[in-house]
Structures are given as C-alpha cells and as structure tokens.
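Bear in mind that the values here come from a model prediction, so they are computed numbers and not experimental data. Both counts, for ligands and for their atoms, begin at 1 and track the order of listing.
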Amino acid sequence: MFSLIPRSLISGLGKTPRTASSQKALLIEAVHLLNENSKSGYHEVVGDIITPSQVMGIDHLRDPRLNKGLAFTLEERQALGIHGLQPARFKTQEEQLELCRISIERYQEDLNKYLYLTELHDRNEKLFFRLLTENIEALMPIVYTPTVGLACQKFGLIYRRPRGLFVTINDIGHVFDVLKNWPEPNVKAIVVTDGERILGLGDLGACGMGIPVGKLALYTALAGIKPHECLPIVLDVGTNNETLLEDPLYVGLRQKRVTGKLYDDFVDEFMEGIVRRYGQNTLIQFEDFGNHNAFRLLKKYRDHYCTFNDDIQGTASVAVSGLMACKRITGKKFSDNTICFLGAGGACLGIADLAVRAMVLEGTSIEEARNRIWMFDIDGLLAVDRPEGNLEGHKKYYAKDHAPSKDFAGLVNEIKPSILIGASAQGGAFTPDILQAMGKFNQQPIIFALSNPTDKAECTAEQAYTNTQGRCIFASGSPFPPVEINGKTFKPGQGNNAYIFPGVALGILTSGIHHISEDVFLIASETVADCVTEDDLSKGRIYPPLREIREVSIKIAVKILEYAYKERIATVYPKPKDLQRYVEEQQYNYNYEPSLPNLWPWPKAPYIKTKPIQPTKLKA
Ligand SMILES: O=C([O-])CC(=O)C(=O)O
Ligand SMILES: [Mg+2]
C-alpha cells in the first residue's frame with residue numbers, strides 16, 4: 001500500500017518542524033500514524049519530505065536489501081516498528097563482519113560455507129557484499145569456481161529459495177509474462193545459461209543456475225554493479241544428463257533437451273522479451289552454453305543486441321592478457337610463439353582468434369598468424385583431411401595440412417610449442433611427459449590449464465612447476481595454492497574470465513554502448529596486463545593479485561569509456577569530465593546507510609522574500 005505524508009498530516013500533529021532532529025521525530029510519529037492505519041506495507045513518504053519508500057515492521061527485517069540486523073539504531077527500530085523483534089544489542093557492520101568470519105570458519109566443508117553465504121545473501125545483502133568484497137581472496141573460491149561447480153551438482157539438494165528466473169521451454173509464447181514476474185523494475189544486466197556446459201562438468205540442466213548467480217555476485221563484488229540491476233536466468237530446455245533425469249532430487253524439466261527450430265524460437269523470444277521488459281540497452285551475458293550454440297548465438301545476436309559470450313570472449317581476453325604479461329618475461333613477440341591448444345571449443349577458439357588479432361596488430365599476416373596455432377580436439381589434430389571432419393565454424397581457420405593424428409603428446413614433441421593451452425575439461429591431460437617436453441624445448445614454457453573446476457584442470461600448478469624445474473609460467477582457471485620448489489615459492493595466477501567480465505560489464509553499462517566489439521575485449525586484455533607489476537612477474541605471476549581486481553575493473557571500465565567516446569559509440573551524454581570519478585559514482589555502496597529519511601533544515605529560500613508582483617494589464 002502506498003501512502004503520502006502531506007504537510008497537512010505533519011501540521012495535524014500540531015508541531016512545526018524547525019531543526020533536523022525535530023523533523024525526524026515528527027516523521028517518526030507520522031510513520032507510526034500511517035502504520036497504525038495500515039498495519040503493514042509500503043509507505044512512500046513524499047510531499048514536503050523527500051524519502052525513499054519504507055517497508056514497515058517485520059517485513060523490513062525480512063527484506064535482504066533493507067535488513068541491517070542488529071545495526072538498526074533504537075530510533076530506527078522504533079520508527080520502523082521492529083523494536084522488540086530483535087535482541088537489545090546494537091552492533092556495527094564491522095562487528096557483524098567479525099561474526100560472519102567466525103561463523104564461516106566453523107564450517108569444514110566448502111559447500112557448507114557456500115550455503116552459509118547464500119543464506120547471508122538472502123538475509124542481509126549489504127553485509128554479504130561487504131564480506132565478499134573485502135575478503136575476495138578467501139571467498140571467491142566459494143561463491144565461484146571451484147565450489148560453485150559443486151553447488152550446481154548438488155543444486156537439487158541445496159535449493160531453498162529463488163535467486164533468479166527459470167524460464168522453461170513450456171513458457172514459449174509467454175516468456176514476457178514470466179519475465180514480468182521478476183520483482184525488480186530496473187534490471188540492466190543479465191547472465192543467462194541453458195545449463196548445457198556448466199564449467200567443465202557438462203550438461204547440468206536447470207542446476208546450472210548456480211553459475212549466473214555466482215557470475216552476478218562477482219558483478220557486484222568485483223565491479224560494484226548494483227545487485228538489483230542484475231538478473232540471473234536459466235533457460236530450461238531439458239537436459240540430456242541421464243543421471244539427472246533419473247535423480248528424484250532434480251528440479252528442472254524432466255525431459256531431453258529441445259533442439260532445432262523450437263530451441264531457436266525460444267531463445268529469440270527470450271531476447272525480444274528482455275528488450276521489451278528492460279530496454280534496448282540491457283546487457284545479456286551468455287554463459288556456459290554448449291559449444292554448438294555458443295558460437296551460433298553469438299554470431300546471430302551480437303550485431304542486434306547488447307550481448308557477449310563470456311566463455312568465448314571473456315576467457316579469450318583473460319588468456320591473451322596473460323600472454324601479454326608473458327611477453328614482458330620472455331621478451332618474445334606474440335608472433336614469435338607457436339601455440340598448441342588442447343580443446344577446440346568456445347574458450348580455445350576465442351583465445352586463438354584474439355591471439356591472431358594481437359599478432360596481426362604486430363604486423364603479421366592473418367595466414368601466418370593462424371599457421372602458428374595448432375589445435376587438438378576430441379577427434380584429434382584439426383587436420384584438413386581428418387576422417388571425422390568436424391571442422392565447422394572457426395575450426396577450419398586452424399586446420400592444418402598435416403596427417404591426421406590422435407597422439408597429443410606426439411604432436412607436442414613434433415611442433416615444439418612455446419605455449420600450451422588447455423580448455424578441454426580433461427583433468428590431468430597435460431601429463432608429466434608432456435610438461436617435461438615443454439621444459440625441454442623452452443627456457444620458459446608457458447602453460448595454461450584453464451578448465452574448471454579444479455579437478456578438470458589439465459594439470460595442477462605443482463605438476464607444471466615440478467616437471468619444468470620451476471621454469472614454466474603457469475596459469476589456471478581455478479585457484480591453486482602456492483608451490484615451493486627448492487626454497488623458491490611460486491604463486492600461480494588465476495587465468496579466469498573474472499578479471500574481465502565484471503570490468504567489461506561496468507564499462508558497457510556506464511558508457512551505454514550497444515554493440516560490443518572484439519576491441520572491447522582487447523582493451524580489457526591490455527588493461528589487465530598493464531596492472532601486472534614487475535614484482536608480480538618476478539614471482540611468476542602474470543595476473544594482478546585477486547585483491548586488486550576491483551581496481552582493475554574500474555580501470556577496464558574507464559578504458560572502455562575512453563574508447564566509446566573516441567569511437568562515438570557511447571550513448572551517455574554529456575561526456576563526464578572525470579571518467580574514473582564518474583564510474584566510481586555509479587558503484588554500489590555496501591556500507592549501511594540510515595534507514596530513516598535523511599532530513600535537513602530547509603534553508604530559507606531568498607525568493608520567498610521578493611515583493612509580490614503586480615501583474616501588468618493586457619493592452620486592450
Ligand atoms: O566460471 C568460470 O570459472 C570460468 C568460466 O566461465 C567457465 O569455466 O565456464
Ligand atoms: Mg563459463
């Protein structure tokens with residue numbers, strides 16, 4: 001219910017507000033009066049006093065966006081009608097953070113930590129985001145890879161309440177109506193998955209919801225994008241995962257995946273529905289779709305919607321950024337390298353395409369650049385004449401005129417790559433033999449094991465360092481602890497798209513660009529690489545420490561804004577004078593604010609004192 005507090009009500013209370021504190025006391029009375037009239041509900045206090053709408057009573061505590069737990073002051077507790085609903089103690093947010101830390105440390109299992117954080121997110125949003133942001137190194141492995149992978153696998157068991165929308169194939173024809181049920185009117189960014197390729201875990205159907213939820217938690221924690229502007233979505237078109245189909249705990253549609261025209265019509269309707277509900281500028285990030293759809297949908301929508309595919313473009317950007325930092329260690333140009341990929345899915349092809357772009361910028365021809373890249377997928381080497389074919393799309397750019405081969409180790413020994421990149425979801429595929437061979441051919445071999453979560457990584461950090469006598473430059477998609485060899489400690493970098501997508505999203509939202517070109521991702525790669533210090537490099541780290549990632553995101557956003565204004569594709573005008581300040585001003589504030597309206601004494605407006613005007617008579 002909406003109510004107004006007009007001046008008449010305030011004067012009806014028989015008082016004249018003079019100072020800020022007397023105004024506040026008056027307002028408290030006014031709110032109480034309204035509250036008595038309408039037991040609970042929303043009161044928008046407008047009229048002479050400007051204030052946000054107020055949810056009263058127990059509902060205020062139940063709303064995670066408003067709830068501050070024991071941090072409500074006595075005045076707030078009384079005014080909001082929550083006095084007595086909590087114990088007497090008052091706590092600061094810092095004291096609450098301390099309790100969170102103690103609580104989390106009591107849990108042995110990461111999944112239980114995940115559940116604790118989910119519950120906190122559902123209970124007190126500001127506290128959750130402050131905790132996450134200020135402890136990103138400790139908590140990113142919980143809300144994100146690797147634990148989020150486990151949470152998806154156990155989704156049917158741990159699901160409690162909605163955090164995101166489930167749109168199913170049965171909603172076709174009514175997708176817009178489903179979107180309308182989302183309670184937030186100002187969504188600006190969506191992360192959507194159809195659950196077909198969740199991390200390296202495969203088809204998890206509707207259980208994939210954990211991924212958009214985790215990615216968007218990082219939108220806020222790593223880039224300060226406001227949580228109410230973010231919407232996680234699963235498109236549930238069924239699953240081909242037999243185990244899930246038979247699992248009594250599975251919460252998605254119990255049917256095989258819909259494909260073909262029906263699938264395409266459904267995704268089309270979804271895209272149109274988003275624009276109709278939230279506007280043309282809504283950012284739509286595609287995440288963890290199967291390869292065949294990921295490329296196709298990116299191509300189909302990229303020139304018509306504000307969209308990107310994180311697994312193709314975000315992963316490419318973070319890997320290329322790592323390679324840019326490696327240049328500073330090895331002194332080699334991009335085009336001086338031979339790159340060998342294990343995997344030829346979205347991530348590998350995305351990296352290959354962006355690496356080609358970087359080589360071309362150095363003056364190499366496209367053909368020459370593509371010749372320097374070798375790829376190996378489930379059917380073996382991408383060779384022009386391989387019997388299986390399966391060389392559609394971008395794969396054909398990298399197909400070699402070479403005898404077909406299924407011997408990856410043999411290929412590595414033959415082509416002697418300087419860079420080995422895995423995004424194959426085959427844990428342990430970089431065997432000690434392969435790693436040792438890399439160490440034999442190169443003084444400083446570059447080894448990226450990018451598959452997620454941890455047990456899908458092509459090798460561990462320890463295996464990479466020990467098999468190359470500590471000479472390799474290593475990065476992985478999921479985090480690995482530091483490794484010590486002969487008294488020297490190596491801190492492996494996390495080559496995860498989390499360095500890229502939050503900052504890219506912040507840049508897109510603050511500049512209002514509609515079309516996301518590859519340049520945006522190259523800018524992001526360069527910016528992240530520029531944030532790597534000599535000290536990082538000396539420790540073998542080719543990414544900035546995770547605790548700096550928030551500043552990195554701001555830098556990426558500022559670079560995107562500069563680019564957008566230069567290319568005249570920004571739609572936010574006038575151009576802000578200080579871009580960094582402008583970006584920071586848009587960011588979410590996770591510190592508590594007063595829950596009562598911020599009142600101040602009205603200054604006496606000088607115009608009130610001006611002489612009354614005698615209107616001039618109209619000439620007859
Ligand atoms: O989620 C992550 O950690 C990185 C990613 O996009 C993937 O592996 O699909
Ligand atoms: Mg992904």
Side-chain angles (χ1 to χ4, degrees), residues 110 114 136-137 139-153 155 190-204 207-219 221-223 232-235 284-291 293-295 297-298 307-322 341-351 354 421-427 448-458 475-480 492-505 521 524 528 543 546 549:
D110 286 346
Y114 179 91
I136 199 68
E137 278 173 321
L139 297 183
M140 204 163 114
I142 308 293
V143 298
Y144 195 60
T145 185
T147 310
V148 74
L150 188 58
C152 288
Q153 289 173 308
F155 193 75
I190 284 161
V191 175
V192 61
T193 185
D194 73 352
E196 188 169 4
R197 196 237 73 200
I198 293 299
L199 306 177
L201 302 168
D203 184 350
L204 295 187
C207 300
M209 179 54 106
I211 296 297
V213 168
K215 293 269 171 186
L216 285 169
L218 297 193
Y219 264 50
L222 304 185
I233 298 187
V234 158
L235 297 179
I284 306 173
Q285 170 174 330
F286 278 69
E287 194 69 49
D288 292 8
F289 281 68
N291 276 323
N293 286 325
F295 273 102
L297 297 176
L298 176 62
T307 188
F308 70 95
N309 182 300
D310 185 41
D311 301 296
I312 300 174
Q313 297 165 288
T315 305
S317 181
V318 77
V320 168
S321 153
F341 285 92
L342 183 63
C348 289
L349 286 168
I351 301 168
L354 207 57
I421 299 179
S424 62
Q426 287 179 49
F448 289 180
L450 300 182
S451 291
N452 297 312
T454 318
D455 60 355
K456 300 287 175 190
E458 286 72 12
S476 55
S478 296
F480 279 108
Q494 195 178 344
N496 190 292
N497 47 32
Y499 277 100
I500 304 293
F501 69 79
V504 164
F521 290 96
V528 175
Y543 294 102
L546 278 179
I549 198 165

(Q) I'd like to verify the contacts: list protein N, O or S atoms under a distance of 2.8 Å from the Mg ion (ligand 2). (A) Glu287 OE2, Asp288 OD1, Asp311 OD1
Q) Counting N and O atoms only, with roles assigned by atom type, does the side chain of Asp311 sit under 3.5 Å from a partner on the main chain of Glu287, one being a donor and the other an acceptor? A) no
(Q) Treating Thr147 as the side-chain partner and Pro141 as the backbone partner, does any N or O pair qualify as donor plus acceptor under 3.5 Å? (A) yes
Q.
Can you confirm whether the side chains of Glu458 and Ser451 place a donor and an acceptor under 3.5 Å from each other?
A. yes
(Q) Does the plane of the ring in Tyr144 sit parallel, tilted or perpendicular to the ring in Phe501? Use 30° and 60° as the thresholds. (A) tilted
Q | Residue that, paired with Ser478, satisfies side chain to side chain contact (heavy atoms under 4.5 Å, CB included) out of Asn496, Asn452, Asp455 | A | Asn452
**Q.** Flag side-chain contact, heavy atom, 4.5 Å: Leu349 against Ile312
**A.** no
Q | Pairwise side-chain contact, Leu354 with Ser317, heavy-atom cut-off 4.5 Å (strictly under) | A | yes
(Q) With heavy-atom distances below 4.5 Å as the criterion, would you say the side chains of Ile351 and Leu450 are in contact? (A) yes
Q. Does some side-chain heavy atom of Leu218 sit less than 4.5 Å from a side-chain heavy atom of Met140?
A. yes
Q: Would you please write out the protein residues whose heavy atoms approach any atom of ligand 1 to under 4.0 angstrom, listed by chain and number?
A: Tyr144, Thr145, Arg197, Leu199, Lys215, Glu287, Asp288, Asp310, Asp311, Asn452, Asn496, Asn497
